[in-house]
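None of the values given here were measured: they were computed from a predicted structure. Any value given below was found using the heavy atoms of this structure, including those in side chains, with hydrogens, waters and symmetry copies removed. In listed order, ligands and their atoms are each counted from 1.
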Amino acid sequence: MVKLVAIDGPASVGKSTLAKKLSKKYKSPILYSGKLYRAVALEVIKRKINPNNVREILKCLSFVNLKKLESKELYSSEIDNISSKISAKKQLRDELIKIQREFPKKHGRGKKFAIIEGRDIGTVIFPKADYKIFLWADAETRARRRYEQIKKNGKKASYKKIFKEINARDRKDLTRKIAPLIPASNSVLLDTSYIDIEQVFKALIKIILKT
Ligand code: DC
């Protein structure tokens, strides 16, 4: 049976990098659950829907499928902001639960692991996940890493703006009533503030091989 690895944590903490490394090692399928919220946000923006209009937001779901999650359009400040806003809507979260729970069944056949990263994977989506990892780093560290990554890609960036945006998203993720970002009671907490992603990956492999 495919084993589920749930990786949760705040924005820009390195969840997707870690998930990708694990996926490469074990040829495992990954679902970046944030992309589901981003894909809905993209439709909300394209259709000029009010991000508080739940009925209209739910209609956008019919345009979202796994193929849409590959779109490059999913990453912008506007999508960061709208996806964060709409992710507080219970009805939307309930609808997206189904897609997430089906993922390992649909894509994990014959595989050792299926990986899902997000905010509530170990708490709400898969409370019985085989491995639950909660990544953490303070907001300054995450903003600095994001800033350096953008600069490395030859693009312009403002550390101040990134730091402000990360703080705003943290506030929304941590304080929303439905499925807030918190470590699952039986998760392994890895603080990446003083270790790099390579060391985090080694720790994760140890955890996986131990059990
Ligand atoms: O991981 P990300 O930055 O791509 O996520 C985009 C937004 O979706 C983020 O503001 C939080 C939200 N999200 C969520 O509420 N629950 C998840 N499981 C994943 C993401």
Query - Closest heavy-atom pair and its distance - Tyr26, Leu209 - result: OH-CD2, 3.7 Å
Query raised in the report: Nearest to atom 1 (O) of ligand 1 by heavy atom, Arg119, Lys89, Lys15: which?
Result: Arg119
**Report entry** Element-labelled atoms of ligand 1 that are located less than 4.0 Å from some non-hydrogen atom of Ser84
**Finding:** 10 (O)
Query raised in the report: Is Lys172 in contact with ligand 1, taking contact as a heavy-atom separation below 4.0 Å?
Result: no
Query raised in the report: atom 3 (O) of ligand 1: which protein heavy atom is closest, and how many Å away?
Result: Arg169 NH2, 2.5 Å
**Report entry** Shortest protein heavy-atom distance from atom 8 (O) of ligand 1, along with the residue and atom involved
**Finding:** Tyr37 CB, 3.5 Å
Report task. Give yes if a backbone or side-chain nitrogen or oxygen of Gln100 is under 3.5 Å from a nitrogen or oxygen of ligand 1, and no if not. Result -> no
Query raised in the report: Would you say Thr192's side chain and Ile195's backbone share a donor-acceptor pair under 3.5 angstrom?
Result: no
Query - Nearest-0.5 Å distance that lies between atom CD in Glu102 and atom CG in Leu31 - result: 11.0 Å
Report task. Please determine, by modelled atom types, if Asn52 and Lys89 share a side-chain donor-acceptor pair under 3.5 angstrom. Result -> yes
**Report entry** Ile166: hydrophobic cluster co-members (side-chain, 4.5 Å)
**Finding:** Tyr147, Ile150, Tyr159, Ile162, Phe163
Query raised in the report: Can Ser12 and Arg146 be counted as having a side-chain donor-acceptor contact under 3.5 angstrom?
Result: yes
**Report entry** side chain to side chain contact (heavy atoms under 4.5 Å, CB included) partners of Lys20, counting only residues at least two apart
**Finding:** Ile30, Tyr32
Query raised in the report: Which protein heavy atom lies closest to atom 7 (C) of ligand 1, and at what distance to 0.1 Å?
Result: Ser83 OG, 3.6 Å
Report summary line: If you scan protein heavy atoms around atom 16 (N) of ligand 1, the nearest is Arg93 NH2, 3.0 Å
Query raised in the report: Which option, Pro10, Gly34, Ala6, Ser87, owns the non-hydrogen atom nearest atom 20 (C) of ligand 1?
Result: Gly34
Report summary line: So the atoms of ligand 1 within less than 4.0 Å of a heavy atom of Gly118 turn out to be 18 (N), 19 (C)
Query raised in the report: Would you say the side chains of Arg169 and Ser87 form a donor-acceptor pair under 3.5 Å?
Result: no
Report task. Salt-bridge test for Asp173 and Arg119: reply yes if a basic N is under 4.0 Å from a carboxylate O, no otherwise. Result -> yes
Report task. Taking only heavy atoms of Arg176 into account, list the atoms of ligand 1 that are under 4.0 Å away from them. Result -> 14 (C), 15 (O), 16 (N)
Query raised in the report: Is the closest heavy atom of Ala11 to ligand 1 under 4.0 Å?
Result: no
Query raised in the report: Identify the closest protein heavy atom to atom 4 (O) of ligand 1: which residue and atom is it, and at what distance?
Result: Arg38 NE, 2.7 Å
Report task. Would you mind checking if Glu95 and Lys90 are paired as a salt bridge, meaning a charged N to carboxylate O distance below 4.0 Å? Result -> no
Report task. Specify the protein heavy atom at minimum distance from atom 11 (C) of ligand 1: its residue, its atom name, and the distance to 0.1 Å. Result -> Asp173 OD1, 3.5 Å
Query - Selection from Ser16, Ala168, Ser33 by shortest heavy-atom distance to atom 19 (C) of ligand 1 - result: Ser33
